[in-house]
Amino acid sequence: MRWSKTFIPTMKETPADAEIPSHQLMLRAGLIRQVMSGSYTYLPLGWRAIRKAEAIVREEMERAGAVELFMPALQPIDLFERTGRREAFGDVLINFMVPRGDRQVHMALGPTHEEVITDLVAHHISSYRQMPITMFQIQTKFRNEERPRFGVLRTSEFIMKDAYSFDASLEQLDDSYQKMYGAYCRIFARTGLEYLPVEAESGAIGGDASHEFMIPAENGEDRIVRCPKCNYAANLERADTGRRCPLTDPRVGEGADNDSTHDSAATVEWDELEQIDTPNATSIEQVCKMLKCKPEEMIKTLIYLADGKPVAVLIRGDREANEGKIRRTLEADALELADEKTIFDVTGAPVGFAGPVGIDCRILADHDIPLLVNPISGANAADAHNTGVNIGRDYQVEATYDLRNAVAEDPCPNCAGTLEMVHGIEAGHVFKLGTKYSESLNAYFVDEKEKRHPVIMGCYGIGINRIVAAACETSHDENGLIWPLAIAPYEVLVVPLKIDDEEVMQIATRFYEELQAAGVDVLFDDRKARPGVKFKDGDLVGIPLRVVIGGRGLKEGNVEIKWRTAEGPDKIPVEEGVATLLRMLEERRAADAENVPN
RNA sequence: CGGGACGUAGCGCAGUCUGGUAGCGCACUUGACUGGGGGUCAAGAGGUCGCAGGUUCAAAUCCUGUCGUCCCGACCA
């Protein structure tokens, strides 16, 4: 492609609305333009990158045995009502009425396609002999994001690959899942991105049924913990910690309290339990300010309703409660924060003054709690807190549990290592769905004994936009983007420095044409512009390999070849130029392929 | 949905407090010079100051409302 014939609106300055590197650079390099909050136009360069990523995904899906189909964005609301997801999605589901003759048709823009495909399967798969089968689609999906942000990373309209597996047994499902998991590893490896498969919260299905594929990035919305020693990695919602109950563990304090602010409980004097006035201080922050203490010296007492029954959950003041862990510990189906009335009934105080001492409900304490010495908690009385609240004396618990989000420095649940926390961009998710959709949409099959069962499903998504955005987010320098070869919009940039010099132009055109003929994606900067402008733009858009043809080099019979990431160019005789470029590309591709698992 | 910030030329911004002819840099057009890391000079074009209403002799500027965008939080198969 000739630069002068395509549309690459680069920008010297950073638009004020863009905050994170990927957003700024995608705008500056002319990849995207915003249309409104949460929706973007992909310009020619950005779209090429999307299509490259898409092609890799498609190839790997097919390699894993999945077959492609295409489903409509417009879907009848009825399908979502049957699966209960109209309510579950709430406002996220974009839906509207459309007049058709004298009636109104209620439809939704597909936020994903489980309903449509399950309905399809319900009609056409009726025997175990028709399975296993995995089908996939690469399409635009719509979700009314409450708050679109980070440029193209969180938008209301996005391109997604979704695959759905249909199996007749759990063993088949495991196999389908593993094939997809393997395909995902190959996909992310091929895109040239660093990636991390992590255990993810799988909701009501439980077990090891869900993995997210994360691209580690400082600005990622998700938090992940991982252990550098073993391969343990998990989404923060899911991550276990290797902490033990200090009440039952003979090694009290050991390994469980990495935060050397406190000594082991056994060696420290307990203060008297005392009640002090804290008017209007209902939050940890306010109490700390008033009493000049730190959040880690406090007990946060959260009152939950677990299947309708109140429970007090004790968490160290500076930590975050993990509702999934609490729910599983209680073996409850539903867990929600209690309402004001329940809190008053249980504590005898308004919201904000709950504490363990004298509370009238079950108490569930996190492992951190017994390690606190003389902590502060609510006093179960309006405008008052207790100091010197010590477990075993002032209140009792039979055991402690892992109830909070993991945090850097927590012990690894798998080995003797220590967890570290990284941020990541969720680019893919593999998920064992089970029979939720097949049951509600009546997708049943008969087995060899003529018994009817719901089809067992799995679903497997990849955000195509996010692959591209994550590449931009994680691969750039002060001059601009640095594309991995595999998803770069163009592989080679041919730069004639002076387009009205006949010799320069003739050689450059020859490079362009010969590279194209060899199947290389090449961008030809034929613009009448000063060399500085071409160099700056070239670096900004980040094409991996650049060849410069200019009067200075030609005088010595050379062209200059440089990887985007290289310090300076290599001078190569004109006649060997094209062959050298082809060889360099080949070597790079081979090296990249080394990293792709089988 | 709660909190905060901002809407002035394609982009980045000044002007708003203290009302009085709408500005600067980059980009754009034309010409000359220049020609290996975003050039120089000259001449130009481009703006309902987000929108609506109000106050005033007079509103980008003050008041009210509204729309939009961004950030933090809540939410997120």
Side-chain angles (χ1 to χ4, degrees), chain A residues 9-20 23-24 27-28 30 33-40 80 83-93 110-115 141-151 153-156 158 160 162 164 200-205 209-210 212 219 221-222 235 237 285 320 323 337 426 428-434 436-437 457-463 478-480 495-501 504 525 527-540 546 548-556 558-560 562 568-569 571:
Chain A
T10 58
M11 287 192 277
K12 200 186 285 191
E13 285 178 284
T14 305
D17 281 347
E19 197 96 339
I20 63 170
H23 191 196
Q24 295 177 343
L27 252 9
R28 288 225 292 137
R33 261 326 82 111
Q34 185 178 56
V35 177
M36 63 174 178
S37 178
S39 57
Y40 287 82
F80 292 94
T83 57
R85 290 172 99 201
R86 186 180 173 192
E87 225 204 341
F89 271 117
D91 290 338
V92 173
L93 184 68
T112 170
H113 286 73
E114 276 87 357
E115 278 82 0
K141 312 228 169 182
F142 300 86
R143 283 179 208 178
N144 183 31
E145 283 295 341
E146 311 251 328
R147 191 185 153 204
R149 65 182 129 174
F150 297 145
L153 275 177
R154 176 164 290 266
T155 54
S156 302
F158 50 94
M160 190 148 164
D162 251 331
Y164 306 95
E201 188 55 68
S202 45
I205 299 166
S210 175
E212 286 170 348
N219 285 304
E221 287 189 277
D222 293 274
N235 189 310
E237 274 83 61
E285 197 185 330
E320 298 167 9
E323 295 194 0
L337 275 169
E426 181 189 348
H429 197 165
V430 292
F431 200 90
K432 289 185 187 173
L433 271 181
K436 174 179 176 206
Y437 296 96
M457 293 175 57
C459 78
Y460 317 89
I462 287 184
E478 66 279 9
N479 295 315
V495 187
L497 283 188
K498 198 174 175 191
I499 66 163
D500 36 22
D501 179 316
V504 166
D525 192 351
R527 292 175 301 170
K528 179 172 170 55
R530 300 174 62 85
V533 172
K534 293 189 174 192
F535 288 136
K536 286 289 183 190
D537 268 350
D539 286 349
L540 216 207
R546 185 187 78 186
V548 171
I549 295 114
R552 192 182 288 176
L554 249 36
K555 245 179 232 159
E556 304 159 13
N558 291 329
V559 297
E560 294 150 42
K562 175 183 169 309
K571 294 181 177 174

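By convention in this document, chain letters (A, B, ...) are assigned in the order of the sequence lines, proteins followed by strands, and residues within each chain are numbered from 1. Remember, it's a predicted structure, so these values are computed and weren't measured experimentally.
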Can you pull every protein N or O that's under 3.5 Å from an N or O on nucleotides 24-27 of chain B?
unit_1: B:G25; atom_1: N2; unit_2: A:E13; atom_2: OE1; d: 2.7
unit_1: B:C26; atom_1: O3'; unit_2: A:K12; atom_2: NZ; d: 3.4

Applying side chain to side chain donor-acceptor pair (under 3.5 Å), name anything that partners [X], two or more places apart in sequence or on another chain.
X	value
A:Q34	A:Y40
A:N144	none
A:R147	none

Counting distance only, does the side-chain N/O of [X] pair as donor-acceptor with the main-chain N or O of [Y] below 3.5 Å?
X	Y	value
A:K534	A:P496	yes
A:R28	A:K12	yes
A:E212	A:V430	no

Q. Rounded to the nearest 0.5 Å, how far apart are NE2 of A:H23 and CZ of A:R149?
A. 13.5 Å

Q.
Quick check on side-chain contact (heavy atoms from CB on, under 4.5 Å): which of A:L554, A:L497, A:N558, A:D501 does A:I549 satisfy it with?
A.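 With A:I549 as partner, side-chain contact (heavy atoms from CB on, under 4.5 Å) holds for just one option, A:L554.
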
**Q.** Test salt bridge (charged side-chain N to carboxylate O under 4.0 Å, His left out) applied to A:R530 - qualifying residues, sequence neighbours left out
**A.** none

Q. Counting any heavy atom closer than 4.0 Å, what does A:G90 reach on the DNA or RNA strands: base, sugar-phosphate only, or nothing?
A.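 Result for A:G90 = nothing.
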
Between [M] and [N] - [atom1] atom distance, rounded Å:
N	M	atom1	answer
B:C67	B:U48	P	24 Å
B:U8	B:C13	P	10 Å
B:G3	B:A74	C1'	11 Å
B:C71	B:G35	C1'	44 Å
B:G47	B:A27	C1'	16 Å
B:C70	B:C62	P	25 Å
B:U69	B:U30	P	36 Å

Q.
How would you summarise protein contacts on nucleotides 70-77 of chain B per nucleotide, using B for base, S for sugar-phosphate only and - for none, with heavy-atom distances below 4.0 Å?
A. SBBBBBBB

Q) In the 5'-to-3' direction, what one-character label does each nucleotide of nucleotides 43-48 of chain B receive under the scheme B = base within less than 4.0 Å of a protein heavy atom, S = sugar-phosphate only, - = no such atom? A) ------

Q. Who are the side chain to side chain contact (heavy atoms under 4.5 Å, CB included) partners of A:F142, not counting sequence neighbours?
A. A:A73, A:I94, A:L109, A:T140, A:E157

Q.
Checking A:K555 now: which residues fulfil side chain to side chain contact (heavy atoms under 4.5 Å, CB included) with it, not counting sequence neighbours?
A.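 Applying side chain to side chain contact (heavy atoms under 4.5 Å, CB included) to A:K555 gives none.
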
Q. Could a donor-acceptor pair under 3.5 angstrom be found where the side chain of A:R28 meets the base of B:G10?
A.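 A donor-acceptor contact between them is absent.
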
Just the atom pairs and distances: protein N or O near nucleotides 4-7 of chain B's N or O, under 3.5 Å.
none

Restricting both atoms to N or O, compile the protein contacts to nucleotides 30-34 of chain B shorter than 3.5 Å, with distance only.
unit_1: B:U34; atom_1: O2; unit_2: A:R530; atom_2: NH1; d: 2.6

Q: Output every pair passing side-chain hydrogen bond (donor to acceptor under 3.5 Å, both in side chains) with a member in residues 84-93 of chain A, not counting sequence neighbours, ordered by first then second residue.
A: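 Sorted pair list: A:E81-A:R86, A:R85-A:E114, A:R85-A:E115, A:R85-A:Y437.
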
